[in-house]
*Asks:* 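I have a structure here, written as structure tokens, and I will follow up with some questions on it.
Every chain is numbered from 1, with letters handed out A, B, ... down the list of sequences.
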Number of protein chains: 2
Amino acid sequence: MKSYERLLEHNIKPSMQRIAIMEYLMDNPIHPSADDIYTALSPSMPTLSKTTVYNTLKLFSEQGAALMLTIDEKNTNFDADTSVHSHFLCRRCGHIYDLKCPEAIKQVENVDMDGHQVSEVHYYYKGICKNCLSKDKETRID
Amino acid sequence: MKSYERLLEHNIKPSMQRIAIMEYLMDNPIHPSADDIYTALSPSMPTLSKTTVYNTLKLFSEQGAALMLTIDEKNTNFDADTSVHSHFLCRRCGHIYDLKCPEAIKQVENVDMDGHQVSEVHYYYKGICKNCLSKDKETRID
DNA sequence: GTGCTTGCAAATCGTTTGCAATAGC
DNA sequence: GCTATTGCAAACGATTTGCAAGCAC
């Protein structure tokens with residue numbers, strides 16, 4: 001069970017709840033919010049509380065086991081993929097896409113940060129996603 | 001008066017409140033929150049309401065006259081400098097620093113965005129700032 | 001049984017909404 | 001006078017807190 005090992009790797013003591021939340025994050029790379037996770041797990045874990053979801057996600061991000069994304073002004077979103085990559089938020093449909101981090105950027109970390117010690121990097125892009133763009137084309141009257 | 005012209009440039013009809021808020025943003029490039037701005041202006045504008053500050057900042061960011069930063073999970077911060085640059089948040093003191101956007105990154109926009117139409121770019125770094133680092137050194141017992 | 005984890009209910013707080021009062025052309 | 005802007009009070013909603021109960025070693 002991958003999620004279990006993932007917790008150990010990040011010095012997080014496993015519990016039923018923690019395993020379930022990590023598993024959900026790893027199996028559903030859709031950048032869910034705390035509420036999304038609670039709603040998804042609640043049916044199969046009726047005693048799960050939202051507080052536990054919040055506590056657990058906070059723990060994960062502190063331990064580096066998940067990324068806390070603040071790309072969407074309305075919600076905090078979570079990502080089990082902690083490798084260096086960028087995110088794109090569609091202003092129309094609200095989806096968050098993963099983007100390869102452009103090669104040019106990868107070199108940049110820890111270089112020329114003006115003396116600050118960097119431990120987290122977030123590259124956010126916002127606009128209209130290609131799916132919403134193509135819907136525009138379909139319905140346009142030329 | 002610079003802030004007045006700035007509003008016109010972005011098709012924002014000037015008003016006392018809008019001018020004051022833009023002026024505060026331009027004169028205080030400390031990435032204030034809505035509440036910071038309200039608190040700062042309130043003494044000299046006793047009838048100013050927080051609602052107006054929120055409405056105005058929303059308008060500014062929609063019109064491209066200011067950036068809405070979501071680097072800090074707790075607060076939304078605003079920046080009158082809309083040129084391409086990065087931000088660094090110190091986890092210890094909470095300050096947000098402007099950073100030159102590394103040359104390598106500047107080229108990247110609108111390139112290889114996987115077909116998505118990008119209208120906003122946010123580069124966020126988090127960690128411990130150089131000032132907090134040097135305080136650590138002073139008090140360390142070697 | 002000690003300490004960590006969980007979960008409920010209540011509180012918090014930044015932000016938004018509804019709507020009436022006001023200002024500007 | 002008509003339209004946009006402002007501001008108050010109330011609502012909202014995501015997240016946090018206090019604390020009691022449960023679990024694990």
Side-chain angles (χ1 to χ4, degrees), chain A residues 3-4 7-8 10-24 31-63 65-78 89 91 94 96, chain B residues 3-4 7-8 10-24 31-63 65-79 89 94 96:
Chain A
S3 60
Y4 179 83
L7 296 180
L8 293 181
H10 291 276
N11 302 309
I12 295 165
K13 201 196 276 186
S15 72
M16 293 300 294
Q17 291 85 342
R18 289 170 180 180
I19 291 167
I21 292 169
M22 178 55 81
E23 194 167 317
Y24 183 81
H31 315 97
S33 66
D35 196 68
D36 291 337
I37 296 169
Y38 173 77
T39 303
L41 296 182
S42 199
S44 56
M45 302 181 71
T47 68
L48 180 67
S49 87
K50 222 176 247 190
T51 303
T52 298
V53 176
Y54 277 104
N55 288 342
T56 302
L57 291 169
K58 190 183 174 198
L59 178 68
F60 286 1
S61 70
E62 284 169 356
Q63 297 296 106
L67 291 181
M68 180 185 283
L69 306 181
T70 57
I71 191 171
D72 183 339
E73 296 88 6
K74 302 289 177 192
N75 282 288
T76 305
N77 299 273
F78 294 87
L89 170 69
R91 288 282 189 203
I96 297 173
Chain B
S3 60
Y4 179 83
L7 296 180
L8 294 181
H10 291 276
N11 302 308
I12 296 165
K13 200 196 275 187
S15 72
M16 293 299 296
Q17 291 85 341
R18 289 171 179 180
I19 292 167
I21 292 169
M22 179 55 82
E23 194 168 318
Y24 182 81
H31 315 95
S33 66
D35 196 69
D36 291 337
I37 296 169
Y38 174 77
T39 303
L41 296 181
S42 199
S44 57
M45 303 181 70
T47 68
L48 181 68
S49 87
K50 222 175 245 190
T51 304
T52 298
V53 176
Y54 277 105
N55 288 341
T56 302
L57 291 170
K58 190 182 176 198
L59 178 68
F60 286 1
S61 71
E62 283 168 355
Q63 296 297 106
L67 292 179
M68 180 184 284
L69 306 180
T70 57
I71 191 172
D72 183 340
E73 296 90 5
K74 303 289 178 192
N75 282 289
T76 305
N77 298 273
F78 294 87
D79 191 347
L89 170 69
I96 298 173

*Asks:* What is the distance, rounded to the nearest whole Å, between atom NZ of A:Lys58 and atom P of C:dG7?
*Replies:* 18 Å
*Asks:* Do the side chains of A:Gln63 and A:Asn11 get nearer than 4.5 Å, heavy atoms only?
*Replies:* yes
*Asks:* For nucleotides 20-25 of chain D, which of its nitrogen or oxygen atoms have a protein nitrogen or oxygen under 3.5 Å away, and what is each distance?
*Replies:*
none

*Asks:* On DNA chain C, nearest-nucleotide positions of A:Ser15 versus B:Asn55: which is more 5'?
*Replies:* A:Ser15
*Asks:* Taking atom P of C:dG7 as reference, at what distance in whole Å does atom CG of A:Leu41 sit?
*Replies:* 11 Å
*Asks:* Write down the distance between CG (B:Asp72) and P (C:dG14), rounded to a whole number of angstrom.
*Replies:* 11 Å
*Asks:* Rounded to whole Å, please give me the gap between CG in B:Leu57 and P in D:dT6.
*Replies:* 12 Å
*Asks:* Using whole Å, what does the distance between atom P of nucleotide C:dG14 and atom CZ of B:Phe78 come to?
*Replies:* 13 Å
*Asks:* Starting at atom CG of A:Asn11, determine the distance to atom P of C:dT5, rounded to an integer number of angstrom.
*Replies:* 12 Å
*Asks:* Give every pair of a protein N or O atom and an N or O atom of nucleotides 8-14 of chain D that lie under 3.5 Å apart, one pair per line with the distance.
*Replies:*
unit_1, atom_1, unit_2, atom_2, d
D:dC8, N4, B:Thr51, OG1, 3.1
D:dA9, N6, B:Thr51, OG1, 3.4

*Asks:* Can you tell me how far the CG atom of B:Leu57 sits from the CZ atom of B:Phe60, to the nearest 0.5 Å?
*Replies:* 7.0 Å
*Asks:* Can you check the B:Leu7 CG to D:dT5 C1' distance for me, whole Å?
*Replies:* 14 Å
*Asks:* Evaluate the side-chain proximity of B:Leu48 to B:Gln17: yes if any heavy-atom separation is below 4.5 Å, no if none is.
*Replies:* yes
*Asks:* Can you check the B:Leu59 CG to D:dG7 C1' distance for me, whole Å?
*Replies:* 16 Å
*Asks:* Given that B:Ser33 and A:Arg18 both sit by DNA chain C, which one's nearest nucleotide is further toward the 5' end?
*Replies:* A:Arg18
*Asks:* Mind checking B:Thr52 for me? I need base, sugar-phosphate or nothing, with any heavy atom below 4.0 Å counting as a touch.
*Replies:* base
*Asks:* Once rounded to the nearest 0.5 Å, what's the spacing between atom OH of A:Tyr54 and atom CG of A:Asp35?
*Replies:* 6.0 Å
*Asks:* Please check if the side chain of B:Ser3 supplies one atom and the backbone of B:Met22 the other of a donor-acceptor pair under 3.5 Å.
*Replies:* no
*Asks:* Report yes if some heavy atom in the side chain of B:Met68 is under 4.5 Å from a heavy atom in the side chain of B:Phe78; otherwise report no.
*Replies:* yes
*Asks:* Check for a donor-acceptor pair, side chain of A:Thr56 on one end and backbone N or O of A:Thr52 on the other, with a separation under 3.5 Å.
*Replies:* yes
*Asks:* Under a 3.5 Å distance rule, please check whether B:Asn75 uses its side chain to pair with a backbone N or O of B:Asn77 as donor and acceptor.
*Replies:* no
*Asks:* How about B:Ser33 and B:Asp36: does a side-chain donor come under 3.5 Å of a side-chain acceptor?
*Replies:* yes
*Asks:* Taking N or O atoms only and anything under 3.5 Å, show me the protein contacts with nucleotides 23-25 of chain C, one pair per line.
*Replies:*
none

*Asks:* Would you say B:Leu59 and B:Arg18 make side-chain contact, with heavy atoms under 4.5 Å?
*Replies:* yes
*Asks:* If I take atom NZ from residue A:Lys50 and atom CG from residue A:Leu41, how far apart are they, to the nearest 0.5 angstrom?
*Replies:* 12.5 Å
